[in-house]
Amino acid sequence: ATNYGNNLEEKLKFLSNSEYIVTNSYHGVYWATLLERKVICIPFKSGLMSFKHPPAYSLDGLVTRETLNNAVHYPGSLEEARKLNANFYSYIVNKYDLV
């Protein structure tokens with residue numbers, strides 16, 4: 001299956017309907033993590049190697065049984081991200097007296 005196209009709702013539905021997500025994109029890893037999916041990343045740049053909640057990595061592009069076994073989900077990651085975003089919003093509002 002693929003998440004080809006630019007419809008965000010379709011992409012999120014695609015991600016949420018799979019146990020495992022294999023991707024080479026930052027947003028694929030991030031959104032799938034927030035949706036508590038098991039993520040396998042095929043990195044093509046160093047920025048994909050620095051997630052707080054790391055995916056399983058396939059450096060050679062192959063997805064093996066070992067790769068699948070290394071993939072985990074991170075319960076509570078969506079709530080954590082929401083809290084961090086709310087805190088950042090509050091920080092900016094207070095720092096720049098925006099309200």
Side-chain angles (χ1 to χ4, degrees):
T2 181
N3 69 344
Y4 179 78
N6 59 9
N7 183 310
L8 182 59
E9 187 173 330
E10 286 177 7
K11 289 183 183 303
L12 292 173
K13 185 175 180 177
F14 170 81
L15 291 172
S16 65
N17 285 328
S18 301
E19 179 180 1
Y20 292 91
I21 300 298
V22 179
T23 184
N24 67 351
S25 80
Y26 173 88
H27 288 95
V29 171
Y30 185 69
W31 292 347
T33 299
L34 296 183
L35 291 167
E36 298 185 16
R37 302 295 136 207
K38 295 177 182 178
V39 184
I40 299 164
C41 179
I42 302 171
F44 66 94
K45 61 182 180 176
S46 62
L48 293 169
M49 303 296 287
S50 59
F51 289 96
K52 178 179 181 181
H53 302 297
Y57 288 101
S58 173
L59 301 178
D60 60 7
L62 301 175
V63 177
T64 64
R65 177 64 50 200
E66 181 181 3
T67 311
L68 293 172
N69 290 338
N70 288 333
V72 298
H73 69 285
Y74 294 97
S77 56
L78 178 59
E79 292 77 19
E80 178 185 19
R82 285 179 173 159
K83 182 178 179 183
L84 290 170
N85 278 290
N87 289 344
F88 180 70
Y89 172 79
S90 293
Y91 168 77
I92 294 297
V93 166
N94 290 326
K95 181 175 180 173
Y96 297 104
D97 196 28
L98 297 175
V99 175

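Starting from 1, each residue takes its place in the sequence as its number.
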- Decide yes or no on side chain to side chain contact (heavy atoms under 4.5 Å, CB included) for Tyr57 and Met49, but give the supporting numbers first. CA-CA 8 Å; Tyr57 288 101; Met49 303 296 287; 3.5 Å; yes

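Note: Leu15 CG to His27 NE2 = 12.0 Å, rounded to the nearest 0.5 Å. Separation of atoms OG (Ser77) and CZ (Arg82) is listed at 10.5 Å; rounding is to 0.5 Å. To the nearest 0.5 Å, atom CH2 of residue Trp31 and atom CG of residue Leu78 are 13.0 Å apart. To the nearest 0.5 Å, the span separating CG on Asn69 from NZ on Lys38 amounts to 8.5 Å. Here the CG-CD distance, from Leu12 to Glu10, works out to 10.5 Å after rounding to the nearest 0.5 Å. Atom SG of Cys41 is separated from atom CG of Leu48 by 4.5 Å, given to the nearest 0.5 angstrom.
Hydrophobic clustering (side-chain heavy atoms under 4.5 Å, transitive across Ile, Leu, Val, Met, Phe, Trp, Tyr) groups Leu35 together with Leu8. Both Phe14 and Val29 are part of a single hydrophobic cluster, where members link through side-chain heavy atoms under 4.5 Å apart.
Using a 4.5 Å heavy-atom cutoff, the side chains of Pro43 and Leu59 are in contact. Ile40 places a side-chain heavy atom less than 4.5 Å from the side chain of Leu68. The closest side-chain heavy-atom distance from Thr23 to Val39 is below 4.5 Å.
Heavy atoms from other residues, nucleotides or ligands lying under 6.0 Å from OH of Tyr96 number 12 at most. More than 12 heavy atoms of other residues, nucleotides or ligands lie within 6.0 Å of CD in Glu79, so this atom counts as buried by the packing criterion.
For the side chain to side chain contact (heavy atoms under 4.5 Å, CB included) with Ser58, the qualifying choice from Ile42, Val22, Asn24 is Ile42, the only one to do so.
Panel note: side chain Lys11, backbone Gly5; a donor-acceptor pair is recorded below 3.5 Å. Using modelled atom types, one side-chain atom of Glu36 and one backbone atom of Gly76 make a donor-acceptor pair closer than 3.5 Å. Remark: the backbone N or O of Pro54 is paired with a side-chain donor or acceptor of Tyr74 at under 3.5 angstrom. Under a 3.5 Å cut-off, the side chain of Ser18 and the backbone N or O of Ile21 do not form any donor-acceptor pair.
Annotation: salt bridge (Lys or Arg N to Asp or Glu O under 4.0 Å) contacts involving residues 47-63, sequence neighbours excluded, comprise Lys52-Glu80.
Listed here is the closest heavy atom pair of Ser25 and Gly28: OG-N, 2.9 Å.
Under the side chain to side chain contact (heavy atoms under 4.5 Å, CB included) criterion, Asn87 pairs with Lys83, sequence neighbours left out.
Using a cutoff of 4.0 Å between basic side-chain nitrogens and carboxylate oxygens, Glu19 and Arg37 are not scored as salt-bridged.
Aromatic ring centres of Phe51 and Tyr26 lie closer together than 6.0 Å.
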